[in-house]
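Bear in mind the structure is a predicted one, so any value in this text is a computation, not a measurement. For reference, positions follow the sequence shown, starting with 1.
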Amino acid sequence: QVQLVESGGGLVQAGGSLRLSCAASGAIFRIGAMNWYRQAPEKHREYVASITSGGSTQYADSVKGRFTISRDNANNTVFLQMNSLKPEDTATYSCNADHGGIYVWGKGTLVTVSS
C-alpha cells in the first residue's frame, strides 16, 4: 500500500559526495519519523540517521559531521546528503518510514566509495 523507493546511489571517489533520496508513495495518511540504514556485505544492518516529522535529527557516531538527513514533507521524501565519503561507507543504503506506527522499508540503493 505504501512504498519507499531509494535513489541516488552510485560509485564515488573517497572524499566525494552523494545525495540519496527516498520517496514514499501510495495510500499515505501519515508519515512520521524517517530513517536511513546501511548494510555492507557480510555485515549486519547499521543505523545511519533519523529525522522526525518535525525535523529533529539524529546520527550514528560514524557519520556525524559528514552526513545530513533532511526531508520534504510535501513530497513525502527523505534525503541523505553524504559528504567526505570514506571507503568504509560502502554499503547498500535503505530508508524506512513510520506510517501510522508501522515501519515501511525500501529495497535500498548501493553506494560504493573507492579508495
Side-chain angles (χ1 to χ4, degrees):
Q1 188 172 2
V2 175
Q3 301 178 51
L4 301 179
V5 179
E6 301 94 339
S7 62
L11 176 64
V12 65
Q13 188 176 4
S17 299
L18 284 174
R19 191 191 194 209
L20 307 183
S21 299
C22 172
S25 62
I28 301 171
F29 68 89
R30 187 185 76 88
I31 296 291
M34 303 185 80
N35 312 278
W36 286 98
Y37 292 80
R38 66 187 183 186
Q39 186 170 22
E42 301 181 343
K43 294 185 178 180
H44 295 294
R45 187 174 61 194
E46 176 189 21
Y47 167 81
V48 175
S50 61
I51 185 167
T52 69
S53 60
S56 297
T57 60
Q58 291 183 318
Y59 299 92
D61 288 342
S62 59
V63 306
K64 284 182 179 178
R66 300 188 298 119
F67 291 10
T68 302
I69 187 171
S70 61
R71 64 191 292 161
D72 179 354
N73 290 331
N75 292 294
N76 297 308
T77 302
V78 63
F79 305 95
L80 187 68
Q81 178 67 47
M82 305 185 295
N83 299 325
S84 302
L85 283 163
K86 305 174 181 180
E88 52 262 45
D89 295 319
T90 295
T92 296
Y93 285 72
S94 301
C95 66
N96 74 2
D98 177 9
H99 184 240
I102 299 174
Y103 278 88
V104 180
W105 287 86
K107 290 182 169 57
T109 184
L110 178 62
V111 172
T112 302
V113 184
S114 62
S115 60

Q) Going only through I, L, V, M, F, W and Y residues with side-chain contacts under 4.5 Å, is there a path from Met82 to Ile51? A) yes
(Q) Walk me through whether Glu6 and Leu20 qualify under side chain to side chain contact (heavy atoms under 4.5 Å, CB included). (A) CA-CA 7 Å; Glu6 301 94 339; Leu20 307 183; over 6 Å; no
Q. How are the rings of Tyr93 and Phe67 set relative to one another: parallel (under 30°), tilted (30 to 60°) or perpendicular (over 60°)?
A. tilted
(Q) For a 4.5 angstrom cut-off between non-hydrogen side-chain atoms, does His99 reach Ile28? (A) yes
Q.
Testing the basics here: between Ala91 and Ala40, what is the closest heavy-atom pair and its distance to 0.1 Å?
A. CB-N, 3.8 Å
Q | Heavy-atom donor-acceptor pair, Tyr59 side chain to Gly65 backbone, under 3.5 Å | A | no
Q | Closest non-hydrogen atom pair, Tyr47 against Tyr37 | A | CA-CD2, 3.4 Å
Q. What pair of heavy atoms forms the shortest contact from Asn73 to Ser53, and how long is it?
A. ND2-O, 3.5 Å
**Q.** From CD (Gln58) to CD1 (Ile69), nearest 0.5 Å
**A.** 10.0 Å
Q) Tell me, do Arg30 and Asp98 make a side-chain contact under 4.5 Å, heavy atoms counted? A) yes
Q: Establish whether Phe79 and Leu85 are linked, either directly or via other cluster members, by ILVMFWY side-chain heavy-atom contacts under 4.5 Å.
A: no
**Q.** Inter- and intrachain pairs under disulfide (SG to SG under 2.5 Å), touching residues 32-99, at least two apart
**A.** Cys22-Cys95
Q. Looking at Asn35 and Tyr103, what are the two nearest heavy atoms and their distance?
A. ND2-CE2, 3.4 Å
Q. Val48, Trp105: one ILVMFWY side-chain cluster at the under-4.5 Å cut-off?
A. no
Q. What salt bridge (charged side-chain N to carboxylate O under 4.0 Å, His left out) pairs are there with at least one residue in residues 31-44, not counting sequence neighbours?
A. Arg38-Glu46, Arg38-Asp89
Q) How many angstroms lie between atom CG of Leu110 and atom OG1 of Thr90, to the nearest 0.5 angstrom? A) 8.0 Å
**Q.** Considering all heavy atoms, the nearest Ala49-Leu80 contact
**A.** CB-CD1, 4.3 Å
Q | Closest non-hydrogen atom pair, Val111 against Leu18 | A | CG1-CD1, 3.8 Å
Q) Are Ile31 and Arg71 close enough that some pair of their side-chain heavy atoms sits under 4.5 Å apart? A) yes
